[in-house]
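First up is the structure itself, then whatever we jot down about it.
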Amino acid sequence: MIIKNAKIVLKDKVINGYLEFDNNKIINICQGKTNKEGYDANGNYVLPAFFDSHTHGGYGYDFNMGTESRSLQLNHYLKEVVSEGVASIMMTTVTCSQKDLKSLADNYLANKKIDNNNVIKGWYIEGPFISKDYKGAHNEKLIRKINLAELAYISKKLPAVTKLLAIAPDFADNLTKLNKLNKKYHIAIGHTGANYVCANKAFDLGCKRVVHLYNAMPDFTKREPTIINAIFNRNDILCELICDTKHVAKETIENTYKIVGANNICIISDSLFTKGLKDGVYDLWNMKVDKKGDLDYLHNTNKMSGSNLPYHKQVELFGKITKCSMVDIAKVSSYNAAKYFKIENKIGNIVKNAQSSFVVLDKNYRLINTFINGRLITKK
């Protein structure tokens, strides 16, 4: 199979040429033209398909649900999310009881059996080991300090599964336990009140990712340095960014791009199960939320609880706000997330033998088509 007449976006440059691939991998990346039959990109850009590494679900499915009697809903979600240009996700769960967390571990592989396109790349455990002061929409009653036995159960149950754990280093004695987790978990800092010193200690102990930068953490201040000051002083932290222009203003998105750079940003949807559903009141994690357009709010408040803007729309907004190159778009939408998990030679990158999943974007960053495992799955 071939995509021709394309501007192919590689890790560090764009070339004019064509791609040869099958249902499993990229076979050749060629410069110039070809007379072979294939999909004509008409001079548009071909990038690695998107990697949404922080999503709680959508289209009626929530990853805290598990799979029991809900396989049709999960299957529906997996079919819909690829229409956003997303070929890879980290299934993200929120704070729940120890019993429910272990049950999610027990049933994780059942999710994978339904995932015919291998979209699910791992499990993102966002809570319960977070700060009650910055809990957001998490259930405060279920928030607890790091429980090593609980996490050992998950590691033993899912030894080969990529696992990302969000923690608040300032809560209880979480900071003292990080050395015992680094070998089995990737660790992110989030839902935290960490100041400059605490954040840097956690970064130095191996926490190289931040959960939805600016949200559920102290603001940047001039007199009392916070976690944000610490991030701005480093160049080794991957910053999640919700780019719906509501959770983070467009001016802040632009400034973040200038300050931390394209190598240290990954766009996330932070989508909830309400994405794609009608506006209304829904039950979410034992609380009610009001869905209004592309945002969810805690019921009868103006407190945002999640974004429902499709992933490709967030990528488009980031491009238009920052006016960045397509190479940088590929970094923030796919490559950086893959590199963080050390799988950039498999996904998130157009290199030989990588997964044959692509998006076709026009010069205005708009999604035209998507290929998943070599198959064209959306049309203009």
**OP:** Kindly indicate, with the supporting measurements, whether the criterion side-chain hydrogen bond (donor to acceptor under 3.5 Å, both in side chains) is fulfilled by Asn263 and Lys331.
**Re:** CA-CA 7 Å; Asn263 292 330; Lys331 288 179 180 179; 2.9 Å; yes

Original post:
Between Asn229 and Thr226, does a side-chain hydrogen bond (donor to acceptor under 3.5 Å, both in side chains) hold up when you go through it step by step?
Top reply: CA-CA 5 Å; Asn229 303 73; Thr226 69; 3.2 Å; yes

**OP:** Apply salt bridge (Lys or Arg N to Asp or Glu O under 4.0 Å) to the pair Glu254 and Lys258, showing each step before the final yes or no.
**Re:** CA-CA 7 Å; Glu254 182 179 15; Lys258 292 177 180 177; 3.7 Å; yes

Subject >> Steps toward side-chain hydrogen bond (donor to acceptor under 3.5 Å, both in side chains) verdict (Thr162, Trp123) >> reply: CA-CA 6 Å; Thr162 299; Trp123 182 11; over 6 Å; no

**OP:** For the pair Asn353 and Asn345, evaluate side-chain hydrogen bond (donor to acceptor under 3.5 Å, both in side chains) and give the outcome as yes or no after the intermediate values.
**Re:** CA-CA 8 Å; Asn353 297 318; Asn345 289 326; over 6 Å; no

Output a table of donor-acceptor pairs, distance under 3.5 Å, between side-chain atoms of residues 214-225 and any protein atom two or more places apart or on a different chain; print 'none' if there are none.
residue, atom, partner, partner atom, Å
Tyr214, OH, Thr256, OG1, 2.5
Asn215, ND2, His247, O, 3.3
Thr221, OG1, Glu224, N, 3.4
Thr221, OG1, Glu224, O, 2.3

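Shown here are the ring pair (Phe, Tyr, Trp, His ring centres under 6.0 Å) partners of His138, two or more places apart in sequence or in another chain: His191. For Arg234, the side chain to side chain donor-acceptor pair (under 3.5 Å) partners at least two apart in sequence or on another chain are Asn200, Asp204, Asp236.
The shortest non-hydrogen separation linking Ser307 to Gln314 is OG-NE2, 3.6 Å. For Ile189 against Phe203, the heavy-atom pair with the smallest separation is CD1-CE2, 3.4 Å. The minimum heavy-atom distance between Val359 and Gly85, with the atom names listed, is CG1-O, 3.5 Å. Here the shortest heavy-atom pairing between Ile130 and Gly127 reads CG2-CA, 4.0 Å. When all heavy atoms are compared, the tightest approach of Leu277 to Phe273 is CD1-O, 3.6 Å.
Using modelled atom types and a 3.5 Å distance limit, the side chains of Arg375 and Thr370 yield no donor-acceptor pair. A donor and an acceptor atom, one from each side chain of Asp328 and Tyr257, are located under 3.5 Å apart. Side-chain contact of Asn139 with Thr95: a donor-acceptor pair under 3.5 Å is absent, judged by distance alone. Between the side chains of Asp170 and Thr192, at least one donor-acceptor pair of N or O atoms lies under 3.5 Å. Counting only N and O atoms by type, the side chains of Asn64 and His56 include no donor and acceptor under 3.5 Å apart. Between the side chains of Lys25 and Ser356, not a single donor N or O lies within less than 3.5 Å of an accepting N or O. For Ser271 and Asn308, the side-chain atoms include no donor-acceptor pair closer than 3.5 Å. No hydrogens or angles considered: nothing links the side chains of Lys363 and Asn44 as a donor-acceptor pair under 3.5 Å. Side chains of Asn28 and Tyr18: no donor on one and acceptor on the other come within 3.5 Å.
Under a 4.0 Å N-O distance rule, the pair Lys135/Glu140 qualifies as a salt bridge. Electrostatic pairing of Lys177 and Asp173 counts as a salt bridge here, judged by a charged N lying under 4.0 Å from a carboxylate O. Ion pair Lys292/Asp279 not flagged as a salt bridge, since none of the NZ, NE, NH1 or NH2 atoms sits closer than 4.0 Å to an Asp/Glu carboxylate oxygen. Under a 4.0 Å N-O distance rule, the pair Lys275/Glu84 qualifies as a salt bridge.
Put simply, the side chain of Ser357 gets close to the backbone of Asn373: a donor and an acceptor are under 3.5 Å apart. Checked by atom type and distance alone, the side chain of Thr92 pairs as donor or acceptor with a backbone atom of Met90 at under 3.5 Å. A donor-acceptor contact shorter than 3.5 Å links the side chain of Asn264 to the backbone of Val260. Looking only at distances, no side-chain donor or acceptor of Lys346 sits under 3.5 Å from a matching main-chain atom of Ala354. Counting only distance, with no hydrogens or angles, the side chain of Asp62 and the backbone of Leu284 share no donor-acceptor pair below 3.5 Å.
Contact annotation: the side chain of Leu101 approaches that of Glu150 to within less than 4.5 Å [non-hydrogen atoms, C-beta and beyond]. A heavy-atom distance below 4.5 Å is not found between the side chains of Ile154 and Lys102.
Screening residues 29-38 for side chain to side chain donor-acceptor pair (under 3.5 Å), with sequence neighbours left out, gives Glu20-Lys36. Sorted by first then second residue, the ring pair (Phe, Tyr, Trp, His ring centres under 6.0 Å) pairs that include residues 326-365, not counting sequence neighbours, are Phe21-Phe358, His186-Tyr340, His186-Phe341. Judged as a ring pair (Phe, Tyr, Trp, His ring centres under 6.0 Å), not a single pair has a partner in residues 144-179 (not counting sequence neighbours).
Taking CD of Gln73 as the reference point, atom CZ of Arg70 lies at 6.5 Å (rounded to 0.5 Å). Taking CG from Leu317 and CG from Leu309, the interatomic distance works out to 6.0 Å, rounded to the nearest 0.5 Å.
Aromatic ring centres of Tyr311 and Phe50 lie closer together than 6.0 Å.
In this structure, Asn364 places its CG atom where more than 12 heavy-atom neighbours from other residues, nucleotides or ligands lie under 6.0 Å away. In this structure, Lys184 places its NZ atom where only 12 or fewer heavy-atom neighbours from other residues, nucleotides or ligands lie under 6.0 Å away.
Ring geometry for Tyr59 against Tyr77 counts as tilted: the plane angle lies between 30° and 60°, on a 0 to 90° scale.
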